[in-house]
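Take a look at the structure set out below.
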Amino acid sequence: MKHLLSLYDWSPEEILETLDLADELKKDNKEGREHHYLKGKTLGMIFSKSSTRTRVSFEVGMYQLGGHALFLSSNDIQLGRGETIYDTANVLSRYLDGIMIRTFKQQDVVDLSVYGQIPIINGLTDDEHPCQVLADLQTIREKKGTLKGLKMAYIGDGNNMAHSLMHGATKTGMDISVATPSNYQCQSKFVNQAIEIAAQTGSKVTITQDPVLAIKDADVVVTDTWASMGQESEKAERVKVFGPYQINKEMFDLAKSDAIFMHCLPAYRGYEVTDDVIDSPRSVIFDEAENRLHAQKAVMVKLMK
Ligand code: CP
Ligand code: NVA
């Protein structure tokens, strides 16, 4: 049984195969070809946090694959009232063909995969966001024609996106520089995993507090919100610290002249990014958001077919 809990668990070949399939499914869509690879199958989507892109792209994706998706807010199912992950995993495995879950603890996603009998897809935890990064890789490859040898700069909070981008970049042979304030660094577990992968794929990992160093000569510039879901009460304090990490025109100009700007969205304009960057011709945010649909369909076909 294969899951998508973390991109760390997937080989470079599996990731590239998934991107190829995502491209193929996208082409089918654009040319009006149906592809009902998951006819008669049902995906359960458990959400303990808000979502626009993940919810809509998984639901539409299942429909386009000939299957059906069920939205399960953790407020409405018994999991939110204390039913165990063990019982939930075993019960839902009797009805569903796969589960996508967005929640707080990565361990809850791992536990679902251990106790259940169906594929589990991580739709974001406090630690990782692998589905987003597959869409990001698909987008970079579309725009740049390749992944290997490019330089990605991630500037901002050392959060779930930073962790999964380190996995995705190093697995596909991209160099990655991550710049965060000193108290908001990536967890050392993920830095160590990235360094380990980079040693196998020949890519380079740079961890710094200096955004100027990180962004220099970058082909791809990425940022994310300074206060993730669950950190709303820290926002005022974070805004004070993160100012020098804003991607504004002056900062973006330090990257390569043909660098692209990416953001998983939702974006907080005027904080982590300014309008002149996010609305510029080199911003690819809406293609990136669209590719959530194609990349996740590829994941579901791979895991649930
Ligand atoms: N990027 C992303 O996961 O967006 P949502 O929170 O809207 O799903
Ligand atoms: N880091 C953000 C990503 C949102 C898609 C969060 O976890 O809220």
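Counting convention: from 1, in listed order, for ligands and their atoms alike.
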Open item on the list: Consider salt bridge (charged side-chain N to carboxylate O under 4.0 Å, His left out). Of Lys143, Lys26, Arg141, which one does Asp287 pass it with?
Closed with: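 Only one option passes, and that is Lys143.
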Requested in this report: Keeping the roles fixed (side chain from Thr225, backbone from Ser228), state whether a donor-acceptor pair exists under 3.5 Å.
Outcome: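 Flag not set: sc Thr225 to bb Ser228 has no pair under 3.5 Å.
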**Q.** Residue-ligand contact Thr54/ligand 2, heavy atom below 4.0 Å
**A.**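 No, Thr54 has no heavy atom closer than 4.0 Å to ligand 2.
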| request: Measure Asn160 to ligand 2 on non-hydrogen atoms and call it side chain, backbone, both or neither using the 4.0 Å cut-off. | output: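 Side chain only.
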Can you tell me which portion of [X] lies within the under-4.0 Å heavy-atom range of ligand 1? Options are side chain, backbone, both, or neither.
X	value
Arg55	neither
Lys49	neither
Leu265	backbone

Top protein contact for [atom], by heavy-atom distance:
atom	result
atom 3 (C) of ligand 2	Asp224 OD2, 3.7 Å
atom 4 (O) of ligand 1	Arg53 NE, 2.8 Å
atom 6 (O) of ligand 1	Arg102 NH1, 2.8 Å
atom 2 (C) of ligand 1	Arg292 NH1, 3.2 Å
atom 8 (O) of ligand 2	Met229 N, 2.8 Å
atom 4 (C) of ligand 2	Leu124 CD1, 3.9 Å
atom 7 (O) of ligand 1	Thr52 N, 2.7 Å

Salt bridge flag under 4.0 Å for residues Asp127 and Lys105
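No, Asp127 and Lys105 are not salt-bridged.
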Looking at [Y], I'd like to know if the NZ or CZ of [X] sits under 6.0 Å from its six-membered ring centre while staying within 45 degrees of the ring's axis.
X	Y	value
Arg55	Phe71	yes
Lys235	Tyr268	yes
Lys171	Tyr8	yes

Enumerate the atoms of ligand 2 whose separation from the nearest heavy atom of Leu265 is less than 4.0 angstrom.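 Result: 5 (C).
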Please list, in number order, the atoms of ligand 1 under 4.0 Å from a heavy atom of Cys264.
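Numbered from 1, ligand 1 contributes 1 (N).
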- Flag yes if more than 12 heavy atoms outside Glu196 fall under 6.0 Å of its CD atom; otherwise flag no.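 Yes, CD of Glu196 has more than 12 neighbouring heavy atoms, counting only those of other groups under 6.0 Å.
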